[in-house]
Amino acid sequence: MPEGHTIHRIAKDHSPLLTGRPVAVSSPQGRFAADAALVDGQTLERIEAYGKHLFYWWSSGRVGHVHLGLFGKYRVHRGPGAVAPQGEVRMRLRTDLATIDLAGPTDCAIGTPDDRDAIVARLGPDPLRRDAKPAEALQRMARSKQPIGALLLDQKVMAGVGNAYRAEVLFVNAIHPLRPAADLSDAEREAVWATVVAMLRKGVKDNRIITIDRKEFPVPKGAPRRGDGTYVYFRDTCLRCGTPTGRLTLAGRDCYYCPACQPG
DNA sequence: ATACCATGAACAG
DNA sequence: TGTTCCTGGTATC
């Protein structure tokens, strides 16, 4: 389940298996079949991650776009062998090194560089990219009367934060989600950006969302379940102080917070 | 077998 | 603000 860290991690992990070689592109499920034919057999030059979006740069100049949404998921089968598709496989990418299947995306289409640019133009800076300009995000926050908890999910403010990171970023900065973004101090807004950068980077590294300080609260061995790596997100009580977490619907989703640690 | 839920976002009104 | 779409895992009968 994908916030920006997942997307960047996918680009990193899939690139060595797919780029620089011809790729058989198909759609076992069928809904991507016509688009698949447009690039089938071409060489994939690059996979680009931007916020929660993936762009596939094909040798013909076409650009594929994938957005996982809430449900989208990749399955990687290493090796040259044929693999039977499991479930609803919208897009299949196969090389001599691997077969990669995509199921459940919100968007999956072949377009042009202009289409790609139009999508990127709707996005704020991506904290995971070297070319990110934090000033744009800080400025949008400083000018908005919207609650900071709503703004953090707005991809044109910054691209890549989702529901889990929004809750955790506000928690570690002791900011109540309902505080209007414009009312935060400059230092607070800068701290929010810095925290987002650090958390997303760590998410890419860990390949999962772990925002808690391991020294203070060791993460249980094995794959943690959702909520095991967080202070307030998906938790009934605040990990730090034990107070029952609050939930506010902000930008249409439940925003978890600690009423004690994040004073209004 | 069925219901419900999820780290998302576009669209209608 | 509410509805819709995408899929599959887990919970509940």
Side-chain angles (χ1 to χ4, degrees), chain A residues 1-11 27-33 35 49-54 64-76 84-92 100-109 111 115 118-124 126-128 146-147 149-172 177 195-196 198-212 219 223-236 245 247-257:
Chain A
M1 305 37 316
E3 297 192 25
H5 68 299
T6 310
I7 304 314
H8 282 258
R9 180 60 187 248
I10 285 166
S27 181
Q29 174 218 43
R31 294 176 53 176
F32 179 66
D35 281 33
Y50 203 118
K52 297 174 187 171
H53 300 259
L54 285 164
H65 172 231
V66 168
H67 186 96
L68 294 181
L70 203 45
F71 312 133
K73 209 171 189 177
Y74 283 97
R75 273 201 184 97
V76 177
Q86 293 177 352
E88 301 289 305
V89 178
R90 180 87 62 91
M91 174 175 75
R92 163 166 280 195
I100 296 183
D101 288 342
L102 169 65
T106 289
D107 293 312
C108 177
D115 294 330
I119 291 164
V120 168
R122 309 196 306 250
L123 302 173
D126 174 351
L128 285 173
Q146 293 260 110
L151 268 196
L152 286 180
L153 285 192
D154 184 342
Q155 300 298 299
K156 62 178 178 283
V157 173
M158 57 184 95
V161 175
N163 203 24
Y165 283 123
R166 137 173 103 167
E168 296 296 299
V169 165
L170 294 177
F171 176 83
V172 303
T195 303
V196 171
M199 280 188 178
L200 285 173
R201 279 191 189 153
K202 182 167 160 49
V204 174
K205 201 173 165 191
D206 296 342
N207 204 11
R208 62 175 54 126
I209 298 174
I210 298 173
T211 59
I212 59 183
V219 175
R225 301 188 199 188
R226 191 181 320 133
D228 282 357
T230 57
Y231 287 106
V232 289
Y233 172 72
F234 214 76
R235 293 181 57 90
D236 295 330
T245 52
R247 280 161 224 204
L248 289 161
T249 302
L250 278 171
R253 335 263 324 265
D254 269 2
C255 183
Y256 291 75
Y257 69 103

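First the proteins, then the strands, lettered A, B, ... as listed; each starts at 1.
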Q) Can you check the A:Asp254 CG to B:dA9 P distance for me, whole Å? A)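 Roughly 16 Å, once rounded to whole Å.
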Per-nucleotide protein contact along nucleotides 5-11 of chain C, 5' to 3', at a 4.0 Å heavy-atom cut-off (B base, S sugar-phosphate only, - neither), is -BBSS--
### Task
Indicate whether OP1 or OP2 belonging to B:dA9 is found under 4.0 Å from a side-chain N or O atom of A:Gln155.
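Answer is yes, contact under 4.0 Å.
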inquiry  = Angle between ring planes, A:His5 versus A:Tyr165, binned at 30° and 60°: parallel, tilted or perpendicular?
reply    =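 It falls in the perpendicular class, over 60°.
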Nucleotide B:dA10, atom C1' - distance to CD1 of A:Ile119 in whole Å: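 Taking atom C1' of B:dA10 as the reference, CD1 of A:Ile119 is at 13 Å.
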request  = Could you tell me which residues satisfy side-chain contact (heavy atoms from CB on, under 4.5 Å) with A:Glu88, sequence neighbours excluded, listed by chain and number?
outcome  =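 If we apply the side-chain contact (heavy atoms from CB on, under 4.5 Å) test to A:Glu88, skipping adjacent residues, the hits are A:Gln29.
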Inter-nucleotide P distance (C:dG9, B:dA9), Å rounded: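 Here C:dG9 and B:dA9 have their P atoms 22 Å from each other.
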task: Pick the C1' atom in C:dG8 and in B:dA10, then give their distance to the nearest Å.
output: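 About 22 Å, rounded to a whole number of Å.
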Round to a whole Å and report the spacing from CG of A:Leu250 to P of C:dT1.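 Nearest whole value for this atom pair: 10 Å.
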Point to revise | Distance in angstrom units between A:Arg253 CZ and B:dA9 C1', rounded | key: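 Going from CZ in A:Arg253 over to C1' in B:dA9 covers 9 Å.
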In whole Å, I'd like the distance from the NE2 atom of A:His67 to the P atom of B:dG8.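 Spelled out: NE2 on A:His67 to P on B:dG8 is 8 Å.
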message: Could you tell me how far apart A:Leu153 (CG) and B:dG8 (C1') are, to the nearest whole angstrom?
response: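 That distance rounds to 9 Å.
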Please list, chain by chain and in numerical order, all residues satisfying side-chain contact (heavy atoms from CB on, under 4.5 Å) with A:Cys108, sequence neighbours excluded.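 Testing A:Cys108 for side-chain contact (heavy atoms from CB on, under 4.5 Å), a comparison that skips the adjacent residues, returns A:Phe32, A:Val66, A:Arg90, A:Met91, A:Leu102, A:Pro105.
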**Prompt:** What integer distance in Å separates A:Tyr165:OH from B:dG8:P?
**Reply:**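 So the two atoms are 11 Å apart, to the nearest Å.
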| message | What is the separation between atom CZ on A:Phe234 and atom C1' on B:dC5, rounded to the nearest whole Å? | response |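 Computing the A:Phe234:CZ to B:dC5:C1' distance gives 8 Å.
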Mind checking what makes salt bridge (Lys or Arg N to Asp or Glu O under 4.0 Å) contact with A:Asp206, not counting sequence neighbours?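 Testing A:Asp206 for salt bridge (Lys or Arg N to Asp or Glu O under 4.0 Å), a comparison that skips the adjacent residues, returns A:Lys202, A:Arg214.
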Open item on the list: Restricting to side-chain contact (heavy atoms from CB on, under 4.5 Å), what partner residues turn up for A:Lys156, sequence neighbours left out?
Closed with: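 Per chain and number, A:Lys156 pairs via side-chain contact (heavy atoms from CB on, under 4.5 Å) with A:Arg140, A:Asp154.
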- Task: With sequence neighbours left out, write down each residue that passes side chain to side chain donor-acceptor pair (under 3.5 Å) with A:Thr106, or none if nothing qualifies.
- Result: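 For A:Thr106, no residue satisfies side chain to side chain donor-acceptor pair (under 3.5 Å) once neighbours in sequence are set aside.
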